[in-house]
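Single-structure report; data block below.
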Amino acid sequence: MSHAHVSYLELLARGAAPEAYDRPVLLARASGAGPEVLAELEEAKQLALRVRAELEGRRRREAELSALFATAHDLAGLRDLDAVLRAIVQRARALLGTEVAYLSLNDPAAGDTYMRVTEGSVSARFQQLRLGMGEGLGGLVAQTARPYVTDDYFDDARFQHTRTIDTAVRDEGLVAILGVPLTLGSQVIGVLFAADRRARVFEREQVALLGSFAAHAAVAIDTANLLAETRSALAELERANDIIREHSGVIERASEVHDRLSELVLRGGGVHDVAEAVSEVLGGTVEFIETGTGTEAGAAAGPAAERRAGGHAVREGDAWVAAVAAGGEHLGALVLRGQPDLDPVDQRTLERAALVTSLLLLARRSAGEAEQRVRGELLDDLLDAPERDRRLLRERAARLRTDSTAPHVVLAARVDRAGTGPASDAGARDPGSRPGAPAAGRDGTGEDGADRQRLWSAASHLAATRHGLASARDGGTVLLLPLGPGESAADLARQTARHLGGTLREPVTVGASAPVTAPLDHPDRVAGAYAEARRCVDALRLLHRQGQGAAAEDLGFLGLLLADNRDIDGFVDRTLGAVLAYDRRRGTDLVRTLDAYFASGMSPARTKDALHVHVNTVAQRLERVGRLLGPDWQSPARGLEIQLALRLHALAASVPAP
């Protein structure tokens, strides 16, 4: 081996730069070596440079293969897609020796492409760039699915330039750009780029290398999408499994409540037994609320809730309400508390319990109808045959648990639909009508007949709960109810009107008689009290007060005319009692002042002349009267009643005691 070959082997071993290989030739030429020696050195130099190039290529390919292997390793343990894509872009930039590398992905929904990962970029505008399909070099790559390279971006007319893209590329300072497609099958999903801020020629091997990285990036994206879909599918399966388990539990609960309700019906359980069973199954507190209880829960169980429910359980505030109805009559509701969220199966469980409750109530009502008929027959006998044996009447009342010694009130009740009035059913009063029979004068099978039947049914139920009597009569219903502690006839009339109206969902007008003491001992008083109650109903309807309840005492002097007992003392006391009591206690003369005031045409000046007092004295007395009788005592209606009471009081005072 010649000395020349040894020199170049040493250069290869050192990994010297290409320019170092000219040195042996220059030294030989400087020492005056002959042509043969120089030719040999030149030949050795060329051979050494070829060997060096081959070694460099192998080292480069080894680095490329190492980078591709590392990328494949990253893909095998893919955990974070962004981290893998950043590693691909970083390795591409390092191996190609470019200043910038970046990756963009297509957005099918927006119809454009956007920057996903950048490496070496310094421009925020460039990093946030979005470009339309077919725009710029990337758009050309995406359209053709082929790699494109440009030595000078701004002088290249092969692709469409836009102001947005050119501004971003100019901000980044890029000149030479290489772009290769990211493909999945035949679909381009993005572009991988390598770029320099100076003019540069990308070699074929570099294009191929970037294409390999692009293939890895496409695989990474596809793998990540598959993993995401798998995770999503697993999550859906878990949710479906949870739903199946939950529905299975709900179905088991529904089966349990069905079995328990069936058992309750078979062994004759009651409404509250149903509520208790459903409470245990649904995990809340279920209560049966009867219509017309006067509570918030009773209001929730009222007709408005039934209209909203339409036969289904509905949300009412923080409770669930299922209407209990039968034959068009609203009986109440099952109210569930403590379970703000109910799934459809649990809602149907509550609705089924409401249906069972209505069946139990109907069964109870059927059993009670016989008792109601007996109550009606007893009241009919009191009205129509008061001469019957009173001992037998008391025995019949005792079997019905009616207290014959308590004061009772006779109430007349009528349904008042729109357009009805005293004249509309005047001919429908049949003294001979009996429970369950519609009033004569109209077709009993029509709407009025149905209303009267429902009114009798509701009134009979009320009478049974209050230990009273009820009967269908004269196109309406008559009730004989005991007075409660501290209760007046007017109070009882108003309560009855509200209860019956709420049950029927129609206005019901109720008139009450004065209290009747021991009606079974004095049955002849019951018929007179009933006549008074009917007159009170007629008065209410003439006064356009349909749907209300009142007694004669509520109607002022009109009540005095309607009352059967003509309770003049009671009327005077209700109208002037406060003034009379004040005169008795203080020895004043307010009553005489009132009489003179009205007799003088309500003129204080003429009043002081009639009384021979100062006008200030008249004013002071009238002010005292106003405090005793109320601020409206001089209104026309009150004034008329006060003047009538004054006359009656004067007449009573002038009649000598017997």
Side-chain angles (χ1 to χ4, degrees), residues 486-494 509 511-515 532 535-658:
E487 194 174 43
S488 67
D491 295 334
L492 186 56
R494 287 189 286 270
T509 306
S513 70
E532 179 182 340
R535 288 195 296 271
C536 190
V537 169
D538 290 339
L540 286 172
R541 302 171 90 191
L542 286 169
L543 294 171
H544 302 290
R545 291 174 57 181
Q546 287 92 337
Q548 298 183 24
E553 63 190 60
D554 292 322
L555 303 177
F557 73 89
L558 182 60
L560 179 65
L561 299 176
L562 296 174
D564 190 59
N565 57 4
R566 301 293 191 271
D567 184 12
I568 294 175
D569 292 339
F571 172 74
V572 172
D573 184 63
R574 287 192 298 273
T575 308
L576 286 176
V579 177
L580 292 169
Y582 189 86
D583 279 350
R584 284 194 300 270
R585 289 196 310 271
R586 302 295 182 90
T588 54
D589 210 3
L590 297 182
V591 171
R592 193 165 71 90
T593 301
L594 266 178
D595 196 18
Y597 179 66
F598 283 114
S600 302
M602 302 175 70
S603 168
R606 288 195 292 272
T607 303
K608 62 98 175 174
D609 293 337
L611 296 176
H612 306 291
V613 296
H614 195 275
V615 70
N616 289 341
T617 303
V618 173
Q620 291 170 0
R621 292 179 181 180
L622 294 179
E623 182 182 358
R624 174 63 63 183
V625 168
R627 285 200 294 270
L628 293 171
L629 299 182
D632 65 336
W633 70 276
Q634 297 188 69
S635 66
R638 287 290 306 278
L640 178 61
E641 291 191 357
I642 292 171
Q643 291 181 68
L644 178 60
L646 288 169
R647 295 292 178 271
L648 293 173
H649 175 66
L651 288 173
S654 65
V655 176

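Just so you know, these numbers come straight off a predicted model, no measurement behind them.
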### Message
Using every non-hydrogen atom in the two residues, find where L646 and F598 come nearest and quote the distance to one decimal.
### Response
CD1-CD1, 3.9 Å
### Task
Could you pull out all residues at least two apart from S635 that satisfy side chain to side chain donor-acceptor pair (under 3.5 Å)?
none
### Message
As a quick check of understanding, evaluate side-chain contact (heavy atoms from CB on, under 4.5 Å) for M602 and Q634, giving each step before the final call.
### Response
CA-CA 9 Å; M602 302 175 70; Q634 297 188 69; 3.5 Å; yes
### Task
Provide the closest heavy-atom pair for Y597 versus T607 in the form atom of the first, atom of the second, distance.
CA-OG1, 3.4 Å
### Query
Do any pairs count as a salt bridge (Lys or Arg N to Asp or Glu O under 4.0 Å) and have a residue in residues 586-595, sequence neighbours left out, and if so which ones?
D589-R592, D595-R647
#### Entry: Residues forming a side chain to side chain contact (heavy atoms under 4.5 Å, CB included) with Q620, sequence neighbours excluded
none
### Query
Counting only N and O atoms by type, is there a donor-acceptor contact under 3.5 Å from the side chain of T509 to the main-chain atoms of G547?
yes
### Query
Could you give the distance from CG (L590) to CG (L580), rounded to the nearest 0.5 Å?
9.5 Å
### Query
At what distance, to the nearest 0.5 angstrom, does CZ of R606 lie from CG of L611?
13.0 Å
### Query
For R621, which of V625, T617, V618 qualifies under side-chain contact (heavy atoms from CB on, under 4.5 Å)?
T617
### Shortest non-hydrogen separation from A493 to A550 and the atoms involved
CB-N, 3.5 Å
### Task
Considering non-hydrogen atoms only, spot the tightest contact between R494 and D491 and give its length.
NH2-OD1, 2.9 Å
### Worked verdict on T593 versus T588 for side-chain contact (heavy atoms from CB on, under 4.5 Å)
CA-CA 10 Å; T593 301; T588 54; over 6 Å; no
### Task
Might you point out which heavy atoms bring V591 and D583 nearest each other, and give the distance in Å?
N-OD2, 3.0 Å
